A.B. asks: 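Structure in structure tokens, see below.
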Amino acid sequence: MNKELVISTSDDLVKIALLEDGRLMEYQQEEANQKFTVGNIYLAKVKKLAPGMNAAFVGIGSKKDAFLHYHDLGPQIKSLLTYIQIVRTGKFKTHLLKSFRNEEDIKKDGKLEEVLQPGQNILVQIVKEPISTKGPRVTSEIAIPGRYLVLVPFSDRVSISQKIQNKKERDRLTMLIESIKPKNCGVIIRTVAENKKVADLHQDLIDLSEKWKGVYDNLRAKNLPKCVHSESGRAETILRDKFNADFVKIQSDDKELVKDIKELLSVIAPEKVDIVEYYNKQTPILESYGIEKQIKQSFGQNVNIPDSKGAYLVIEHTEALHVIDVNSGNIKGSKDTQEQNALDINMKAAKEVARQLRLRDMGGIVVVDFIDLRESKNKKKFYEYLKSEMARDTAKHKVLPPSRFGLVQITRQRVRPQMVIKTHEPNPNPNGEVEAPIVILDRIEAKIKEISEKGQAKKLSIHMHPFVAAYIKQGIPSRRKKWAWKYKIQIKIMPRDAFKYLELHFINEDDEIVYQESN
């Protein structure tokens, strides 16, 4: 499977698209300087306790206080609290924990008020971003992720990803990390560490130790709350979470980001440096890859199931859960073929459902109403296929077997707000009256004439909605050619999937916007 990563940056918004064999599988968009992202670590204060929930609310600077449950304190919370206190008072002079004496672990089912008090300083890490009216969810079991390893201060345990199944390799990695890890620090060995050299793992551990030193340096801050560790630079975060050997291309329209990605790849995968390219064309990068078009096709309430001859999904979102209905459309067949048709549609629907969960980053409880199957062997075949498709999802999830009514329940980890993109466009004429096409064409022609007479462009690209573009380019000769001959200017019509119906951008040969309308 060929994977491509496409990254667009504009107006302080970062858009990341993951393509598998040209098909959009994951899509994220976020502000470049977004606060309260998963992984950020804060030195904060306990605001108030909620004994009824065995939890506390912690002030980290967000509109809503962060939620910290007793089970998210971590066994070594007493060690962490002692460390914060002695560092802030200047009694501990190093970030290294080899001379630090750990406190006893807390009980698994104790009470939070026995551990924390209002006004107390505490170190917390965001595990779930603010969603809707809820504040962030945090943990005080700090874990600093690297490329191959995760550093867990105050623990002394080495654990390894269950996806590494070769016993010999598991033993090698465990013994290796046991011999080089810092004292009083636990380490989680990630899946990508499999078959990696000692030097690579050791360097990753050194880098993680430096990040912990950064936390230590910030612990003496006077003004709280204080972000003592933010997630890595954009390039490192993208590569750490997405990159593997299947990637054949990484392309971005941000020159600095491309440079950073190349520098990182030269260290972690030098053989892949050449797959990174800077995109510098007039057509926006997401348009060039057909991503804008796929977004419009994939984020609506009704989503077509590929290669299914009319079957589609109906996706509904409620406050409590997500509901997906598999509709067979107009597919008909005899009684002898109904079971096979239902199985075929369910298999294709399973693939699309798994894609939709990743694409929209849907979390919580998802109920899918597949088409009923009568035969046990078909039910088993379908269920195994659904699990195999979901296995490609890196988010934690669980798929339950189909119920007697054909319903499948899926739970999926949610750490950030669900991706919601409107696929309906606003009415360009809210007063109910539609401007005549000839008037729109006259306005475009008048602007071309003005630009030509003022010498603002020798070559003109007009970006517009695909419907308008198709109308202008039709005919022999087309209106585009007539305008080019009449005003002696080269004209290129650029359909833009992301544009509103009457949105127009006139761009000259230097990629400067000469004129635009966005009504």
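Since we're looking at a predicted model, the values are computed, not measured. Throughout, residue positions are numbered sequentially from 1 according to the sequence presented.
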A.B. asks: So how far is it from L343 CG to Q338 CD, rounded to the nearest 0.5 Å?
C.D. replies: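 If I round to the nearest 0.5 Å, the distance is 13.5 Å.
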
A.B. asks: Which pair of non-hydrogen atoms, one from I7 and one from I285, has the smallest distance, and what is that distance?
C.D. replies: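 Minimum heavy-atom separation between I7 and I285: O-CD1, 4.1 Å.
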
A.B. asks: So, Q76 side chain and I106 main chain: donor-acceptor pair closer than 3.5 Å or not?
C.D. replies: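 A pair under 3.5 Å: no.
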
A.B. asks: State plainly whether the residues K296 and D497 are in salt-bridge range, i.e. N to O under 4.0 Å.
C.D. replies: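 Between D497 and K296 there is no salt bridge, as every charged N stays at least 4.0 Å from the carboxylate O atoms.
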
A.B. asks: Taking atom CG of L149 and atom CD1 of I177, what is their separation to the nearest 0.5 Å?
C.D. replies: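 Going from CG on L149 over to CD1 on I177, the span is 4.5 Å.
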
A.B. asks: Tell me whether E517 contacts the main-chain N or O of H505 through its side chain, where contact means a donor paired with an acceptor under 3.5 Å.
C.D. replies: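 Pair absent, no side-chain N/O of E517 close to backbone of H505.
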
A.B. asks: Restricting to salt bridge (charged side-chain N to carboxylate O under 4.0 Å, His left out), what partner residues turn up for K249, sequence neighbours left out?
C.D. replies: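 Here no residue qualifies.
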
A.B. asks: Would R137 and D72 count as a salt bridge (charged side-chain N to carboxylate O under 4.0 Å, His left out) if you check the C-alpha gap in whole Å, the side-chain angles of each, and the deciding distance to 0.1 Å?
C.D. replies: CA-CA 9 Å; R137 180 152 187 167; D72 293 321; 2.9 Å; yes

A.B. asks: Under a plain distance cut-off of 3.5 Å, with no hydrogens placed, do N327 and Y312 share a side-chain donor-acceptor pair?
C.D. replies: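 Result is yes, a qualifying pair exists.
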
A.B. asks: Whether R412 and D361 form a salt bridge (side-chain N of Lys/Arg under 4.0 Å from carboxylate O of Asp/Glu) is what I want to check.
C.D. replies: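 Between R412 and D361 there is a salt bridge, with a charged N closer than 4.0 Å to a carboxylate O.
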
A.B. asks: Under a 4.0 Å N-O cut-off, is there an ion pair linking D204 with R147?
C.D. replies: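 No salt bridge links D204 with R147.
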
A.B. asks: Just by distance, with hydrogens left out, do E503 and Y501 show a side-chain donor and acceptor under 3.5 Å apart?
C.D. replies: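 E503 vs Y501: no donor-acceptor pair found between side chains.
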
A.B. asks: With side-chain hydrogen bond (donor to acceptor under 3.5 Å, both in side chains) as the criterion, how do N2 and E20 come out once you've worked through the C-alpha distance, each side chain's angles and the decisive distance to 0.1 Å?
C.D. replies: CA-CA 6 Å; N2 292 330; E20 294 181 1; over 6 Å; no

A.B. asks: How about V124 and T139: do any of their side-chain heavy atoms sit closer than 4.5 Å?
C.D. replies: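 No, side chains not in contact.
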
A.B. asks: First locate atom CD1 of I345, then atom NZ of K309, and finally report the distance between them rounded to the nearest 0.5 Å.
C.D. replies: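 Atom-to-atom, I345:CD1 and K309:NZ are 10.0 Å apart.
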
A.B. asks: So which of E26, H317, H322 actually passes side chain to side chain contact (heavy atoms under 4.5 Å, CB included) with R360?
C.D. replies: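 By the side chain to side chain contact (heavy atoms under 4.5 Å, CB included) criterion, R360 pairs with just one of E26, H317, H322: H317.
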
A.B. asks: Taking NZ, NE, NH1 and NH2 as the nitrogens, is one of them in K348 or D344 under 4.0 Å from a carboxylate oxygen of the other?
C.D. replies: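 D344 and K348: not salt-bridged.
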
A.B. asks: Any ion pair linking E352 and R23 (charged N to carboxylate O, less than 4.0 Å)?
C.D. replies: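 Between E352 and R23 there is a salt bridge, with a charged N closer than 4.0 Å to a carboxylate O.
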
A.B. asks: Does a salt bridge link R172 with E169, judged by any charged N lying under 4.0 Å from a carboxylate O?
C.D. replies: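 A salt bridge links R172 with E169.
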
A.B. asks: Are T283 and R496 close enough that a side-chain donor and a side-chain acceptor fall under 3.5 Å?
C.D. replies: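 Judged by distance alone, the side chains do not pair up.
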
A.B. asks: Could you check whether any side-chain N or O of S288 sits under 3.5 Å from a backbone N or O of P284, counting only pairs where one atom can act as donor and the other as acceptor?
C.D. replies: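 Not at all, since once roles are kept as given, no pair shorter than 3.5 Å links the two residues.
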
A.B. asks: Can you name the ring-ring contact (aromatic ring centres under 6.0 Å, His included) partners of F370, sequence neighbours left out?
C.D. replies: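 By the ring-ring contact (aromatic ring centres under 6.0 Å, His included) rule, F370 matches F382.
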
A.B. asks: Could you tell me the separation between the CG atom of L173 and the OH atom of Y148, rounded to the nearest 0.5 Å?
C.D. replies: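 Answer rounded to 0.5 Å: 12.0 Å.
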
A.B. asks: Are any side-chain N or O atoms of Q28 and backbone N or O atoms of L18, one a donor and one an acceptor, separated by less than 3.5 Å?
C.D. replies: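 Checking the backbone N and O of L18 against the side chain of Q28, no donor-acceptor pair under 3.5 Å is found.
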
A.B. asks: When rounded to the nearest 0.5 angstrom, what distance separates CD1 in I41 from CD1 in I60?
C.D. replies: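 That separation rounds to 12.0 Å.
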
A.B. asks: For the rings on Y42 and H229, is their centre-to-centre separation under 6.0 Å?
C.D. replies: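 Ring-ring flag for Y42/H229: false, centres at least 6.0 Å apart.
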
A.B. asks: Should E389 and R392 count as an ion pair when the cut-off is N to O under 4.0 Å?
C.D. replies: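 Result for this pair is yes, salt bridge flagged.
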
A.B. asks: If you take all heavy atoms of T174 and V158, which pair is closest and at what distance?
C.D. replies: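 Minimum heavy-atom contact is CG2-CG1, 4.2 Å.
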
A.B. asks: Can you confirm whether Y278 is buried at OH, in the sense that more than 12 heavy atoms of other residues, nucleotides or ligands lie under 6.0 Å from that atom?
C.D. replies: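 Enclosed.
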
A.B. asks: Is it true that atom CD of Q474 has more than 12 heavy atoms of other residues, nucleotides or ligands lying nearer than 6.0 Å?
C.D. replies: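 Yes, the 6.0 Å shell around CD holds more than 12 heavy atoms from other groups.
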
A.B. asks: Using a 3.5 Å distance criterion without hydrogens, assess whether the side chain of S161 forms a donor-acceptor pair with backbone atoms of R190.
C.D. replies: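 No, because the side chain of S161 does not come within donor-acceptor range (under 3.5 Å) of the backbone of R190.
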
A.B. asks: Drop me the distance from I275's CD1 to I250's CD1, to the nearest 0.5 angstrom.
C.D. replies: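 CD1 of I250 is found 4.0 Å from CD1 of I275.
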
A.B. asks: Got a sec, which residues hit ring-ring contact (aromatic ring centres under 6.0 Å, His included) with H397, two or more places apart in sequence or on another chain?
C.D. replies: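 Checked H397 against ring-ring contact (aromatic ring centres under 6.0 Å, His included); zero matches.
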
A.B. asks: Around K387, counting heavy atoms of other residues, nucleotides and ligands shown, do more than 12 lie under 6.0 Å from its NZ?
C.D. replies: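 Buried by this count: over 12 neighbours within 6.0 Å.
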
A.B. asks: For the residue pair H465 and F467, categorise the inter-ring angle as parallel (less than 30°), tilted (30 to 60°) or perpendicular (more than 60°).
C.D. replies: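 Rings of H465 and F467: perpendicular, over 60°.
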
A.B. asks: Looking only at the side chains, is there a donor atom on one of Q251 and E4 sitting less than 3.5 Å from an acceptor on the other?
C.D. replies: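 No, no side-chain donor-acceptor contact under 3.5 Å.
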
A.B. asks: Just by modelled atom types, is the I371 backbone N or O under 3.5 Å from a matching donor or acceptor in the N346 side chain?
C.D. replies: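 Yes: the side chain of N346 pairs with the backbone of I371.
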
A.B. asks: If you take all heavy atoms of P145 and K211, which pair is closest and at what distance?
C.D. replies: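 Looking at all heavy atoms of both residues, the closest pair is O-NZ, 3.7 Å.
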
A.B. asks: Measuring only between side-chain heavy atoms, which start at C-beta, is I305 closer than 4.5 Å to V326?
C.D. replies: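 In short, these two side chains touch, coming nearer than 4.5 Å.
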
A.B. asks: Verify whether one side chain among Q297 and N304 offers a donor that lies under 3.5 Å from an acceptor in the other.
C.D. replies: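 Distance-only check fails for Q297 and N304.
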
A.B. asks: Would you find a donor on one side and an acceptor on the other, under 3.5 Å apart, between the side chain of E339 and the backbone of E375?
C.D. replies: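 Answer holds: yes.
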
A.B. asks: Could you tell me whether the side chain of N54 and the main chain of G110 form a donor-acceptor pair under 3.5 Å?
C.D. replies: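 Flag set: sc N54 to bb G110 pair under 3.5 Å.
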
A.B. asks: Assess whether atom NZ of K293 is packed by more than 12 heavy atoms of other residues, nucleotides or ligands within 6.0 Å.
C.D. replies: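 Not buried by this count: 12 neighbours or fewer within 6.0 Å.
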
A.B. asks: Test your reading of the model: is there a side-chain donor-acceptor pair from K272 to the backbone of F247, 3.5 Å cut-off?
C.D. replies: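 At least one qualifying donor-acceptor pair exists.
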
A.B. asks: Backbone N or O of T9 within a donor-acceptor pair of the D253 side chain at under 3.5 Å?
C.D. replies: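 At least one qualifying donor-acceptor pair exists.
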
